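For reference, positions follow the sequence shown, starting with 1. Since this is a predicted model, take the numbers as computed values, not measurements.
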Amino acid sequence: MRKSRTKNPGAVSDADIWFSRLSGEESTATWHDITTNGNNGTANNAGACLANYYFRGGGAGSDDMVSTAFSGNVIDAGTAWTVDGWVTRDAGEIGQVTLWGCRRTGPNGGWVHRENAAGASGPLDWDAYQPAYFSLQDVIPDIRSGEWHHIAITWEPDFTPGTHGYCRHYHNGVQSDAQGVQNYGNGDIFEIAGSTYNRWTGYIDTVRVYPRVLSADEILKNYHAGLAAHP
């Protein structure tokens, strides 16, 4: 994993970006079963960006994902954060898949961004736990095979102090959903291409996590800055 504090030409410059264009370079990132070599659960493939790898969906423990060992703002509903990145998904994938999240079990907490319908390919939901389960449904349109999509989530704490925050979703630079939602319980480490159970099926690139809420204009700039690399 590369921790970046350098400017990305044309994109948002922010001294507090925690991740940018993740790779397997640091011991804080563990790659599980990267398809090119099939080494289940081992750290490997240092120095290459996420876009080089196809993530094969399925159950936890033997499929493709990245555990970042990150325990920053995204796990805590009391702090502001933004996650954005570029993704593709297989149109032939009809099972449940998780893009990223920090879901925790025992006790439940955190959140996941996923398509949760069995036997169909559909829009992504944002599901969270307090530890009771609650869901923002269809926040991102269906992601089709062979097409890059830019996805961003922002969390603004204290929309209703102590009880509710405000969650916004963006698809290809345009806001697709915005809702006040109850605070989730503390999550676990931030994971990419899965979290706890289901795994993503497709490619993921240029994941960024910010310790603040990016504006709509900033997210649109990130989208336009990434278009040339994600035709």
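- Considering every non-hydrogen atom in both Gly122 and Asp142, the closest pair reads O-OD1, 3.1 Å.
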Problem - Evaluation steps, side-chain contact (heavy atoms from CB on, under 4.5 Å), between Ile143 and His171 - result: CA-CA 10 Å; Ile143 303 298; His171 176 240; 4.3 Å; yes
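- Using a 4.5 Å cut-off between side-chain heavy atoms of Ile, Leu, Val, Met, Phe, Trp and Tyr, with links allowed through other members, Tyr129 and Leu124 fall into different hydrophobic clusters.
- The shortest distance between side-chain heavy atoms of Glu218 and Arg212 falls below 4.5 Å.
- Between Gln137 atom CD and Gln179 atom CD the span is 9.5 Å, to the nearest 0.5 Å.
- Residues Leu99 and Val87 form a side-chain contact, since some pair of their non-hydrogen atoms from C-beta on lies under 4.5 Å apart.
- Considering all non-hydrogen atoms of both residues, Val213 and Thr154 come closest at CG1-CB, 3.8 Å.
- Not counting sequence neighbours, the partners of Glu156 by the salt bridge (charged side-chain N to carboxylate O under 4.0 Å, His left out) test are Arg168.
- Considering all non-hydrogen atoms of both residues, Val139 and Ser176 come closest at O-OG, 2.6 Å.
- By the 30° and 60° cut-offs, the orientation of the rings of Tyr184 relative to Trp126 is perpendicular.
- Shown are Trp111, Phe134, Phe159; of these, the side-chain contact (heavy atoms from CB on, under 4.5 Å) with Val181 is made only by Phe134.
- Contact annotation: the side chain of Val83 approaches that of Trp100 to within less than 4.5 Å [non-hydrogen atoms, C-beta and beyond].
- Here the closest heavy-atom approach between residue Ile75 and residue Cys102 is recorded as CA-SG, 3.9 Å.
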Handout entry: CA sep, side-chain torsions, deciding dist, call: Thr82, Tyr170, side-chain contact (heavy atoms from CB on, under 4.5 Å)
Key = CA-CA 11 Å; Thr82 299; Tyr170 297 81; over 6 Å; no
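- Side-chain contact between Gln182 and Gln130 is present, with heavy atoms from C-beta onward closer than 4.5 Å.
- Leu227 has its side chain within reach of Tyr223: a pair of non-hydrogen atoms, C-beta onward, lies under 4.5 Å apart.
- No side-chain N or O of Asp177 forms a donor-acceptor pair with one of Gln175 less than 3.5 Å apart.
- Looking at Asp205 and Trp148, their side chains come closer than 4.5 Å, going by heavy atoms from C-beta outward.
- To the nearest 0.5 Å, the span separating CG on Asp158 from OG1 on Thr79 amounts to 10.0 Å.
- Summarising the geometry, atom CG belonging to Asn73 is positioned 12.0 Å from atom CZ belonging to Phe190; distances are rounded to the nearest 0.5 Å.
- In the model, His230 has no side-chain atom that pairs as donor or acceptor with a side-chain atom of His149 under 3.5 Å.
- Partner of Arg103 under the side-chain contact (heavy atoms from CB on, under 4.5 Å) criterion, chosen from Val112, Thr98, Asp188, Asp127: Val112.
- Counting only heavy atoms from C-beta outward, the side chains of Ile204 and Trp200 approach each other to under 4.5 Å.
- Once rounded to the nearest 0.5 Å, the distance linking OG1 of Thr196 with CG of Asn108 reads 8.5 Å.
- Counting all heavy atoms, side chain and backbone alike, Ala152 lies closest to Asp84 at CB-CB, 3.6 Å.
- To the nearest 0.5 Å, the span separating NE2 on His224 from CG on Leu220 amounts to 4.0 Å.
- Proximity of Asn222 to Leu214: side-chain heavy atoms (C-beta onward) are separated by under 4.5 Å at one or more points.
- A salt bridge is defined here as a Lys NZ or Arg NE, NH1 or NH2 lying under 4.0 Å from an Asp or Glu carboxylate O, and Glu147 with Arg89 fails to meet this definition.
- Checked by atom type, the side-chain pair Asn116/Asp125 shows no donor-acceptor distance below 3.5 Å.
- Taking each heavy atom of Ile153 and Cys167 in turn, the nearest pair found is CG2-SG, 3.9 Å.
- Checked by atom type and distance alone, the side chain of Asn172 pairs as donor or acceptor with a backbone atom of His150 at under 3.5 Å.
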